[in-house]
Chemist: 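Below you'll find the structure I mean.
A, B, ... follow the sequence lines: proteins, then strands. Residue 1 opens every chain. Values below: all heavy atoms of this structure, side chains included; hydrogens, waters and symmetry mates excluded.
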Amino acid sequence: MTTVQQIINALLLGGLLALVALGFSLVWGIMNVINLAHGTFIMLGAYTAYWMFSLWGVDPFLSIPVAMLLLFVLGAILQVSVINFIVRAPVLATLLVTFGLEILITNIALKLWTADVRSVQTHYAGRGIALGSLSIPYNKLGALVLALIITALLWLFLERTKLGRAIRATAYDQVGARAVGINIGRMYALTFGIGAALAGAAGALISTTSAITPMMGSSYTIRAFAICVLGGLGSVTGALVGGLLFGFIEVFGVVWIGPGYSDAIVFLVLVLVLIMRPQGILGRAFSAGVQEAGGA
Amino acid sequence: MTALAVPAAVRRLVMPAWYGALVLACVYLALIPTIGTGYWVRTLTFIFMFAVLAAGWNLIGGFAGYAAFGQVGWFGMGAYSVAVAMSKWHWPFYPALALGTALPAAAALAVGLPVLRLRGHYFAIATLGIAITLRELVNNFDLTGAGSGLSTPLGPSFSYYYYLMFGAMLLAVAVTWMLRRSRLGYALLAIRENESAAATLGVNTTLAKAAAFAISAALAGLVGAIYAYWTAFIDPSTVFDLTFNVRMIVMVILGGTGTILGPVIGAFLLEGISQTLWSSFPAEHLIFFGIAVVLIVLFVPAGLSGLLLELRTLSPRLFVRNLLRYRV
């Protein structure tokens, strides 16, 4: 493989990973909650696409809205029934509760769908645009384009709509937000719902490019965390930059060091960045979560 | 900590009975291999193992207040040290056990110095990352049998491992007890309450945190080492099982964070329940476990020791109060 092909692969992977991290970054930035169950939402999105494809022949790209809707509802319900009670609790409580949810959801999925590795075989799988010796698979290109569109839509929503501004206001100043009549609990439910919906979209896109299992979630949660740290927390551009950077680290790390070490490479980079630059590479303080990186 | 808050008169009355009960419990546990069934020997060996893991986490998470989320990495490192030393280098068990305890402690000291500068979420995820990195290294090295695992020589008998784990648990309690009364213990509590203030008062916070991290890693490595010899076969997914991290933390919370016996009591309760669920619902027990984790953190965040402190006013309302404490 040529270097150009690897750059293409890194971009294709990075765009998708940006979407993987986007919902995680939103929830972390707005609520200061590390959602360790984020990966299971991605898994559920992937299974939504898988079942819609294998039962009714729906193309996985078309099942994205369905996956997003289902996961928005699940996310909002979880926020109202569980997460709202621990948003302000110490770090450990939120980590434990969200990990408890991750164990719960993963094992329900295992019970329902078994541990079998499944994949969505569309008619265009394995085909792509050929440019000389280079190739760009259709499904990966489609996943990249959709990931970028969804990222842009989230940015517009947060920056340009009243509801988006209300969500950001709850992250900046809770008392102030409450004073102007924003219902914090409802904003959190909305935020967590959107975070889950974004994970659902990412999952549906992942189902077009790789095999899925009920246990696939945790490695994506960890990647989402690393991407947030790399790109800087709680901003849409941070997730995008972090995702792309991450795509390059993973693709070239595997080329230079060897396959099978991708998680280790990621963590080495992550720990180094954390120690040298805890505010991330972009390093702009955005939200509630940032204060805690260095202070008590 | 709990004991200090109970009135002196009550303590004089209750404490001898409490110590008596503890001694009786130890004698009873020591007799289990001769009077109990194989099922109980196995279940209790697991419980002892988790008690040590929980006690180890308690030192860094409970005393120093650093939410380590990757202790299973040290457990796996201890397990693989024994497996490699015994199967590849043909060491006898006890030197291998020493290696399995010392290596994670040294690694934790080396890694801890930079990583313990992080706080909160960042420390938690960095430690999780260390555990995942260790698993991946083991998964790739030929020396560690890569993904297919390693066998260790067959050992004497199941009661032998039972007593090893039992001894490890007593050791972990003794270490906690001594630490609680030492300068280091007070330094850790000061760090938990206010790290900057502790540093201002002359506590060498870096050294204290790294020492606590290394001791907790040594305890995790110790039981990992015994576990490897006990099961006679290990592979990366069992000894680097990430749910172990959560298990040990929930045990500490359930028993009482920062207490001496809390982690052990939590281990008996949670692992007892887990093993019972596992034997009757092998496929679904993790679903129940996930629910239990969420419910414990929501309703009993201060654990049994917290309930003990509020014994006089104990009512269902306490649980509702716990639940609503941090509500948005």
Chemist: For Leu286(B), which of Leu110(A), Thr106(A), Leu104(A), Asn107(A) qualifies under side-chain contact (heavy atoms from CB on, under 4.5 Å)?
Modeler: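 The side-chain contact (heavy atoms from CB on, under 4.5 Å) with Leu286(B) is passed solely by Asn107(A) among Leu110(A), Thr106(A), Leu104(A), Asn107(A).
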
Chemist: Where do Leu36(A) and Phe69(B) land on the side chain to side chain contact (heavy atoms under 4.5 Å, CB included) test, with the steps shown first?
Modeler: CA-CA 12 Å; Leu36(A) 292 179; Phe69(B) 223 71; 3.8 Å; yes

Chemist: What residues of residues 241-249 of chain B sit under 4.5 Å from chain A when you count only heavy atoms?
Modeler: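 Checking residues 241-249 of chain B against chain A gives Leu242(B), Thr243(B), Val246(B), Ile249(B).
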
Chemist: Given heavy-atom pairs under 4.5 angstrom as the criterion, report whether the side chain, backbone, both or neither of Phe288(B) touches chain A.
Modeler: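 Interface part for Phe288(B): neither.
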
Chemist: Is atom CZ of Arg186(A) surrounded by more than 12 heavy atoms (other residues, nucleotides or ligands) closer than 6.0 Å?
Modeler: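 Not buried by this count: 12 neighbours or fewer within 6.0 Å.
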
Chemist: What part of Ser218(A) gets closer than 4.5 Å to chain B, counting heavy atoms only: side chain, backbone, both or neither?
Modeler: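 Answer is neither: Ser218(A) stays 4.5 Å or more from chain B.
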
Chemist: Which answer fits Ile253(B), side chain, backbone, both or neither, if we ask what part of it has an atom under 4.5 Å from a heavy atom of chain A?
Modeler: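 Side chain of Ile253(B) only, per the 4.5 Å heavy-atom cut-off to chain A.
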
Chemist: Locate the shortest heavy-atom distance separating Ala67(B) from Leu92(A); write the atom from each residue and the value.
Modeler: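 Residues Ala67(B) and Leu92(A), closest heavy atoms: CB-CD1, 3.7 Å.
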
Chemist: Looking at Val111(B), Ile125(B), Leu134(B), which makes the most heavy-atom pairs under 4.5 Å with chain A?
Modeler: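 Most heavy-atom pairs within the cutoff with chain A belong to Ile125(B).
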
Chemist: If you check every heavy atom in residues 73-89 of chain A against those of chain B, which residues fall under 4.5 Å?
Modeler: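 Against chain B, the residues of residues 73-89 of chain A that fall inside the cut-off (heavy atoms, under 4.5 Å) are Val82(A), Asn84(A), Phe85(A), Ile86(A), Val87(A), Arg88(A), Ala89(A).
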
Chemist: Would you mind checking which part of Ile108(A) comes under 4.5 Å of any heavy atom in chain B, side chain (CB onward), backbone (N, CA, C, O), both or neither?
Modeler: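 For Ile108(A), backbone and side chain are both near chain B.
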
Chemist: How close do Ala124(B) and Leu95(A) get, counting heavy atoms only, and between which atoms?
Modeler: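 Distance-wise, the nearest heavy atoms are CB-CD1, 3.5 Å.
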
Chemist: Does CH2 in Trp113(A) sit with more than 12 non-hydrogen atoms of other residues, nucleotides or ligands closer than 6.0 Å?
Modeler: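 Yes, enclosed.
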
Chemist: Given that the side chain runs from C-beta out, which part of Leu323(B) has a heavy atom under 4.5 Å from chain A: side chain, backbone, both or neither?
Modeler: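 Answer is both: backbone and side chain atoms of Leu323(B) are under 4.5 Å from chain A.
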
Chemist: Only pairs of heavy atoms separated by less than 4.5 Å count here; which of Asn140(B), Ile296(B), Val297(B), Val293(B) has the most with chain A?
Modeler: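 The option with the most such pairs is Asn140(B).
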
Chemist: Pick one of side chain, backbone, both or neither for Pro301(B), based on which atoms fall under 4.5 Å of a heavy atom in chain A.
Modeler: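 When you check distances to chain A, no heavy atom of Pro301(B) falls under 4.5 Å.
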
Chemist: Quick check for you: among Leu96(A), Leu101(A), Ile184(A), Thr98(A), which has the greatest number of heavy-atom pairs under 4.5 Å with chain B?
Modeler: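 Looking at each option in turn, the highest pair count goes to Leu96(A).
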
